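Below you'll find the structure, written out as structure tokens, and then a few comments.
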Amino acid sequence: MGGLIPRFDAIGIVVADIDAAIDFYRRLGLEVTAPAGESGGHAELGLPGGLRLMLDTEATITSFDPDYVPPPRDATRRIGLAFLCDDPGAVDATYADLTGAGYEGHLEPWDAFWGQRYAAVRDPDGNIVDLFAPLG
């Protein structure tokens with residue numbers, strides 16, 4: 001490639017309601033680094049290591065990609081996002097906080113056979129977000 005090697009920089013998610021998505025990911029500790037612009041259709045949240053989580057509304061995507069068709073909400077595992085919690089109790093507390101705030105639980109916290117406390121919730125667009133911590 002002539003010395004030009006692309007580097008992984010961002011994860012993008014298409015969302016129906018950008019404010020709801022921002023609220024969800026803020027509850028998981030992410031901070032908005034580039035707020036939704038005048039159109040309100042794009043926002044960026046900082047991730048550890050300098051990566052970005054980019055949120056774009058369906059309207060923003062269709063403005064430059066008229067062939068875009070959003071996947072059905074009940075499609076599982078369109079993306080995989082996982083948040084490492086400080087300890088097993090933090091998995092339970094984070095799950096309780098999110099479901100208590102009205103977000104849909106997908107898997108209640110449990111001790112997985114692979115040695116983690118593990119749970120999963122759905123973000124406002126139905127994407128499954130994993131929560132985990134080592135058991136010991």
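Worth saying up front: this structure is predicted, and the values here are computed from it rather than measured.
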- Task: Determine the interplanar angle of the W114 and Y118 rings, folded into 0 to 90°, and report it as parallel if under 30°, tilted if 30 to 60°, perpendicular if over 60°.
- Result: perpendicular

- Note on the structure: Output for pair (L45 CG, M54 CE), nearest 0.5 Å, gives 11.0 Å

- So, T57 versus T60: side-chain donor-acceptor pair below 3.5 Å or not? yes

- Are any side-chain N or O atoms of T62 and backbone N or O atoms of D65, one a donor and one an acceptor, separated by less than 3.5 Å? no

- Item | Test item: side-chain donor near acceptor, H106 and E104, under 3.5 Å | no

- By salt bridge (Lys or Arg N to Asp or Glu O under 4.0 Å), which residues pair with D67, not counting sequence neighbours? none

Taking only distance into account, with no hydrogens and no angle test, what donor-acceptor pairs under 3.5 Å do side-chain atoms of residues 20-29 form with protein atoms, sequence neighbours excluded?
{"from": "Y25", "atom 1": "OH", "to": "D123", "atom 2": "OD2", "distance (Å)": "2.7"}
{"from": "R27", "atom 1": "NE", "to": "D97", "atom 2": "OD2", "distance (Å)": "3.4"}
{"from": "R27", "atom 1": "NH2", "to": "D97", "atom 2": "OD1", "distance (Å)": "3.1"}

- Task: Would you name the heavy atoms of V91 and A119 that are closest together and state the gap between them?
- Result: CG1-CB, 3.9 Å

- Do the non-hydrogen side-chain atoms of F132 and C85 ever get within less than 4.5 Å of each other? no

- Is any side-chain heavy atom of E58 closer than 4.5 Å to a side-chain heavy atom of Y68? yes

- Minimum heavy-atom distance between L84 and P134, given as atom pair plus value: CD1-CD, 4.0 Å

- Note on the structure: Taken to the nearest 0.5 Å, the spacing of L131 CG from T94 OG1 works out to 6.0 Å

- Pairwise side-chain contact, L53 with I13, heavy-atom cut-off 4.5 Å (strictly under): yes

- Is any side-chain heavy atom of F83 closer than 4.5 Å to a side-chain heavy atom of V129? yes

- Query: Would you call L30 and L47 a side-chain contact if the rule is heavy atoms closer than 4.5 Å?
  - Reply: yes

- Query: Under 3.5 Å, is there a donor-acceptor pair between the side chain of D125 and the main chain of N127?
  - Reply: no

- Qualifying salt bridge (charged side-chain N to carboxylate O under 4.0 Å, His left out) pairs, either residue in residues 80-92, two or more places apart: D92-R117

- Identify the two heavy atoms, one from D130 and one from I128, that lie closest to each other, and give their separation to 0.1 Å. OD1-CG2, 3.7 Å

- Query: Of the non-hydrogen atoms in A120 and Y95, which two are nearest, and what is the gap between them?
  - Reply: O-CE1, 3.5 Å

- In this structure, CG of L107 is separated from CZ of R122 (nearest 0.5 Å) by 9.5 Å

